[in-house]
Engineer: 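Please find one structure pasted underneath; my questions will follow.
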Amino acid sequence: MAERATDEPPVLRTARSLLGRIVGHGGVTVRLTEVEAYAGVADPGSHAFRGPTRRNAVMFGPPGHLYVYFTYGMHHCMNVVLSPEGEASAVLLRAGAVVDGLATARSRRGRSSDRDLARGPARMTKCLAIDLSHNGSTIGSTGAGFVLGPAVAVDADSIRCGPRVGLSGPGGDGTAYPWRFWIDGEPSVSAYRPAKPRRRG
DNA sequence: CTGGTGATGATCT
DNA sequence: GATCATCACCAGT
């Protein structure tokens with residue numbers, strides 16, 4: 001069957017539904033203000049695009065788990081996998097506002113304004129003390145201390161979408177699919193800075 | 001605000 | 001060996 005523009009990957013709905021939800025770990029709680037959807041093996045921007053590897057294995061697994069990866073030699077990013085097993089979709093948690101554990105968050109993030117504490121995917125994992133040891137852990141488990149809680153009300157009219165951040169390559173730059181979602185007017189939403197190809201020095 | 005760049009290592013081909 | 005779902009810090013407008 002031909003695809004229609006109105007057919008959107010189910011993970012987009014999941015992504016939007018995560019805005020406003022509470023995430024708590026390591027003594028810090030944030031309210032999600034920005035997320036990004038990655039739609040399985042058909043999505044050239046996704047880690048799952050080239051098929052299963054050891055790194056992305058959690059994406060191909062059952063829903064209800066965290067996919068955490070390490071990048072740029074120093075940063076962690078966290079995703080939630082809520083799609084059916086084998087679909088390999090995930091939602092990157094890009095930014096949030098700290099609503100509890102402010103002192104702990106500040107101490108983890110060093111010199112940073114409060115608005116920047118969890119403003120960006122790597123800042124958020126540092127704020128919440130999430131690292132590779134949490135890859136594959138169950139969402140909501142008390143063992144790992146990770147909790148995906150209820151939503152604080154979000155006005156549907158305030159949800160925006162736009163290009164995904166940091167992607168490059170054939171068929172995969174950020175503007176190909178506007179699958180980054182955020183709450184309009186939230187100070188903690190990360191600034192969009194287009195990816196630029198760079199050479200190593 | 002914008003734009004440039006160094007840091008730093010796991011992962012994949 | 002190249003790439004990377006980034007950030008902190010700097011200088012300029």
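Letters A, B, ... are given to chains in the order of the sequence lines, protein chains preceding strands, and every chain is numbered from 1.
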Engineer: Looking at A:Arg94, I'd like to know whether one of its side-chain N or O atoms comes within less than 4.0 Å of OP1 or OP2 on C:dT6.
Structural biologist: yes
Engineer: Would you call A:Tyr72 stacked on C:dC4, i.e. ring centres under 5.5 Å apart with the planes less than 30° off parallel?
Structural biologist: yes
Engineer: Could you tell me whether A:Glu8 and A:Arg16 have a side-chain N and a carboxylate O separated by less than 4.0 Å?
Structural biologist: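 Salt bridge flag = yes for A:Arg16 with A:Glu8.
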Engineer: Applying the Watson-Crick and G-U wobble criteria at under 3.5 Å, what pairs with C:dA5? Answer none if nothing qualifies.
Structural biologist: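 Its partner is none (no Watson-Crick or G-U wobble pair with both distances under 3.5 Å).
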Engineer: Using a cut-off of strictly less than 4.0 Å, decide whether A:Thr71 has a side-chain nitrogen or oxygen near OP1 or OP2 of C:dT6.
Structural biologist: no
Engineer: In whole Å, I'd like the distance from the CG atom of A:Asn135 to the C1' atom of B:dT11.
Structural biologist: 13 Å
Engineer: Test for a donor-acceptor pair under 3.5 Å between the base of C:dA5 and the side chain of A:Tyr69, counting only N and O atoms.
Structural biologist: yes
Engineer: May I ask which nucleotide in the shown strands pairs with B:dT8, Watson-Crick or G-U wobble, both distances under 3.5 Å?
Structural biologist: none
Engineer: Counting only side-chain nitrogens and oxygens, does A:Arg111 get under 4.0 Å of the OP1 or OP2 atom of C:dC9?
Structural biologist: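 So the side-chain polar atoms of A:Arg111 do come within 4.0 Å of the phosphate oxygens OP1 or OP2 of C:dC9, strictly under.
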Engineer: Measure from CE on A:Met124 to P on C:dA5 and round the result to the nearest Å.
Structural biologist: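 From A:Met124 CE to C:dA5 P: 17 Å.
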Engineer: Look at A:Glu34 together with A:Arg119 and state whether they make a salt bridge at an N to O cut-off of under 4.0 Å.
Structural biologist: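 A salt bridge is absent here (no side-chain N lies under 4.0 Å from a carboxylate O).
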Engineer: Once you round it to whole Å, what is the distance between P of B:dT8 and NE2 of A:His76?
Structural biologist: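 Going from NE2 in A:His76 over to P in B:dT8 covers 14 Å.
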Engineer: Before we go on, tell me: are the rings of A:Tyr69 and A:His47 under 6.0 Å apart, centre to centre?
Structural biologist: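 Yes - the distance between ring centres of A:Tyr69 and A:His47 falls below the 6.0 Å cut-off.
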Engineer: Name the nucleic acid region contacted by A:Arg180, choosing base, sugar-phosphate or nothing; use a 4.0 angstrom heavy-atom cut-off, strictly under.
Structural biologist: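 Since no nucleic acid heavy atom lies under 4.0 Å of A:Arg180, the category is nothing.
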Engineer: Report the nucleotide, chosen from C:dC7, C:dA5, B:dA7, that has the shortest atom-to-atom distance to any side-chain atom of A:Ala122.
Structural biologist: C:dC7
Engineer: Measure from NZ on A:Lys126 to C1' on C:dA8 and round the result to the nearest Å.
Structural biologist: 10 Å
Engineer: Write down the distance between CG (A:Leu132) and C1' (B:dT8), rounded to a whole number of angstrom.
Structural biologist: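 Atom CG in A:Leu132 sits about 14 Å away from atom C1' in B:dT8.
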Engineer: Taking the six-membered ring for Trp, does A:Phe70 stack with B:dA10 (centroid gap under 5.5 Å, planes within less than 30°)?
Structural biologist: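 No.
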Engineer: For A:His47 and C:dT3, what is the distance between atoms NE2 and P respectively, to the nearest whole Å?
Structural biologist: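 One finds 15 Å between P of C:dT3 and NE2 of A:His47, rounded.
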Engineer: Closest-nucleotide mapping onto DNA chain B: is A:Met74 or A:Asn56 further toward the 5' terminus? I mean the 5' end.
Structural biologist: A:Met74
Engineer: For residues A:His134 and A:His25, establish whether the separation of their ring centroids is below 6.0 Å.
Structural biologist: yes
Engineer: Strictly below 4.0 Å: does A:His75 bring a side-chain N or O up to OP1 or OP2 of C:dC7?
Structural biologist: no
Engineer: Between A:His76 (side chain only) and A:Phe70 (backbone N and O only), is there a donor and an acceptor less than 3.5 Å apart?
Structural biologist: no
Engineer: Given atom CZ of A:Arg54 and atom P of B:dG9, what is their separation to the nearest angstrom?
Structural biologist: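 Going from CZ in A:Arg54 over to P in B:dG9 covers 18 Å.
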Engineer: What is the distance from CG of A:Leu117 to P of C:dA8, rounded to the nearest Å?
Structural biologist: 10 Å
